[in-house]
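One structure is given below, encoded as structure tokens.
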Amino acid sequence: MTNSEGSTPVTADLHVHTTASDGTLTLDEVPAAARRVGVDTVAITDHDRVHPELAAPVTVVDGVRLVRGVELRVDAGALRVDLLGYGVRDDGALGDELDRLQRDRVQRARAIVDCVEDDVGVTLDVDLAAGVGRPHIARAVAQSDAPYDYQGAFDHLIGSDCPCYRPRQLPTFERGAALLRDACAVVSLAHPFRYREVDRALDLARELGAVERYYAYGRPVDTGRIERVVSEAGLLRTGGSDAHDRTLGRAGLAGEEAETFRSRVVGGA
């Protein structure tokens, strides 16, 4: 695998989800998946959740560094953006907020499931537990008697403009960023080109100190816009595959950039 510039092999994939949220890899399966593609550093960044089996900011398992991270969605007014926290230390305030968000996730998922079952007339098999999200519901819809596949569930039932969508109660950008700064070695803005107002999102990155520079968007993006902000604000570059499947290393850091990240996280642990 190479970084998103298509030239240098990725050694650090800093955006990976597991079964603790909506990924398909268990934590125990991550090291082997990393080694298969030559990755030696993986950040576990489950949605609104620090993986419960990671006991330290950085853990080495079978020669692979596992960085304890989190992906936190926040409300920035006109935008909802995702923040990535790396090298999470034990922190009561962040932990309390993540616990609240998980309770909110479960309540929201229950409301969405009830709506889908009532509207479509099916029974969904969804584990309404910590880490649950709309992808779990979409998979259950696809496996039910409903006339929708996974994407159809989002397009017709649970997408943001659909009848069974229910909003989440998110922290503000200011609160979320403050909680992560207090608890993490590095805080980064995730995938800036996935937001409808890219420049506004990049302005938020200036306040965080890092930005996800390398990401597998699956379409051309003007990375020069990121580089200008990186240069002007002195931001740290991060990168990752955002893997929800079993393939790591589609994007990430390599060489000196990977070493700089590792030193920041280990030094802040």
Side-chain angles (χ1 to χ4, degrees), residues 12-17 20-21 41-52 54-59 65-102 104 168-192 194-195 197-215 226 229-240 242 252-253 257-269:
D13 187 339
L14 307 180
H15 194 162
V16 171
H17 298 277
S21 61
T41 302
V42 177
I44 306 299
T45 54
D46 285 306
H47 295 287
D48 303 326
R49 194 181 191 197
V50 175
H51 199 292
L54 287 174
V58 180
T59 304
R65 298 178 190 85
L66 299 180
V67 177
R68 186 164 63 181
V70 63
E71 184 172 12
L72 181 67
R73 179 156 294 183
V74 298
D75 187 342
L79 290 177
R80 290 187 168 194
V81 300
D82 295 313
L83 309 183
L84 295 163
Y86 297 111
V88 180
R89 303 179 292 273
D90 291 328
D91 180 87
L94 176 62
D96 289 347
E97 181 62 13
L98 295 180
D99 288 344
R100 183 195 70 78
L101 286 169
Q102 290 303 324
D104 180 68
R168 293 173 50 204
Q169 301 300 314
L170 301 179
T172 64
F173 169 80
E174 291 77 14
R175 174 166 170 74
L179 290 171
L180 291 175
R181 276 193 292 265
D182 288 345
C184 303
V186 173
V187 183
S188 180
L189 175 75
H191 41 58
R194 285 184 56 182
Y195 310 118
E197 296 182 46
V198 175
D199 289 334
R200 184 170 183 146
L202 288 172
D203 281 341
L204 297 175
R206 296 172 185 269
E207 302 180 41
L208 301 173
V211 63
E212 193 167 48
R213 164 64 175 82
Y214 304 105
Y215 187 86
I226 299 180
V229 175
V230 166
S231 177
E232 292 168 2
L235 302 183
L236 180 72
R237 297 176 182 88
T238 67
D242 199 2
L253 299 185
E257 289 180 324
E259 289 303 319
T260 298
F261 174 84
R262 292 184 191 107
S263 66
R264 285 277 297 272
V265 171
V266 172

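Just so it is clear, the structure is predicted and the values come from calculations on it, not from any experiment. Computed over heavy atoms, backbone and side chain alike; hydrogens, waters and symmetry mates excluded.
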**Note, D104 side chain near D48 side chain (heavy atom, < 4.5 Å)** = no

**Heavy-atom closest contact (R264 atom, V186 atom, distance)** = CB-CG2, 4.0 Å

**Backbone of E257 reached by a side-chain donor or acceptor of R262 within 3.5 Å** = no

**Prompt:** Hey, is the main chain of I44 close enough, under 3.5 Å, to the side chain of H51 for a donor-acceptor pair?
**Reply:** no

**Asked** CZ of F261 to CG of L253: how many Å apart, nearest 0.5 Å?
**Response** 7.5 Å

**Message:** Testing the basics here: between L235 and A205, what is the closest heavy-atom pair and its distance to 0.1 Å?
**Reply:** CD2-O, 3.6 Å

**Asked** Is the closest side-chain heavy-atom distance between V81 and R73 below 4.5 Å?
**Response** no

**Request:** Please lay out, stage by stage, how R89 and D182 fare under the test salt bridge (Lys or Arg N to Asp or Glu O under 4.0 Å).
**Result:** CA-CA 9 Å; R89 303 179 292 273; D182 288 345; over 6 Å; no

**Request:** Of all the heavy-atom pairs spanning D46 and A20, show the shortest one and how long it is.
**Result:** OD2-CB, 3.4 Å

**Prompt:** Is a side-chain donor or acceptor of T45 paired with a backbone partner of V16 at a separation under 3.5 angstrom?
**Reply:** yes

**Message:** Contact between R49 and Q102 at the side-chain level, heavy atoms closer than 4.5 Å - yes or no?
**Reply:** yes

**Message:** Rounded to the nearest 0.5 Å, what separates atom SG in C184 from atom CG in L83?
**Reply:** 10.0 Å

**Donor-acceptor pair between R213 and T238 side chains, under 3.5 angstrom** = no

**Prompt:** In Å, rounded to the nearest 0.5 Å, how long is the span from CZ of F173 to CG of L204?
**Reply:** 4.5 Å

**Message:** Can you give me the closest heavy-atom contact between L208 and L189, atom names plus distance?
**Reply:** CD1-N, 3.6 Å

**Request:** Determine the minimum heavy-atom distance between V88 and G69, stating which atoms define it.
**Result:** CG2-CA, 3.9 Å

**Message:** Salt bridge check, R194 against D82: does any charged N sit closer than 4.0 Å to a carboxylate O?
**Reply:** no

**Asked** Heavy-atom distance under 4.5 Å between the side chains of V67 and V42, does that happen here?
**Response** no

**Asked** Does any N or O in the side chain of R68 come within less than 3.5 Å of the main-chain N or O of L54, such that one atom is a donor and the other an acceptor?
**Response** yes

**Message:** For P171, run the side chain to side chain contact (heavy atoms under 4.5 Å, CB included) check against L101, D75, L98 and tell me which one passes.
**Reply:** L101

**Message:** I'd like to know if D203 and R206 make a salt bridge, using a cut-off of under 4.0 Å between side-chain N and carboxylate O.
**Reply:** yes

**Message:** Can you tell me how far apart CG (L94) and CD (E97) are? Round to the nearest 0.5 Å.
**Reply:** 8.0 Å

**Message:** Whether the side chain of S188 engages the backbone of V211 through a donor-acceptor N/O pair (distance < 3.5 Å, no angle test) should be reported.
**Reply:** yes

**Prompt:** Quick one: CG on L72 to CG on L179, what's the gap to the nearest 0.5 Å?
**Reply:** 7.5 Å

**Item:** Under 3.5 Å donor-acceptor, E71 side chain and L84 backbone
**Value:** no

**Asked** Could you walk me through whether E212 and R237 pass the side-chain contact (heavy atoms from CB on, under 4.5 Å) check?
**Response** CA-CA 6 Å; E212 193 167 48; R237 297 176 182 88; over 6 Å; no

**Message:** Would you call the rings of Y215 and H15 parallel, tilted or perpendicular, taking 30° and 60° as the class edges?
**Reply:** tilted

**Asked** Between R80 and L170, is any pair of side-chain heavy atoms under 4.5 Å apart?
**Response** yes

**Message:** I need the minimum non-hydrogen distance between Y86 and L14, along with the two atoms involved.
**Reply:** OH-O, 2.7 Å

**Message:** Treating R181 as the side-chain partner and G176 as the backbone partner, does any N or O pair qualify as donor plus acceptor under 3.5 Å?
**Reply:** no

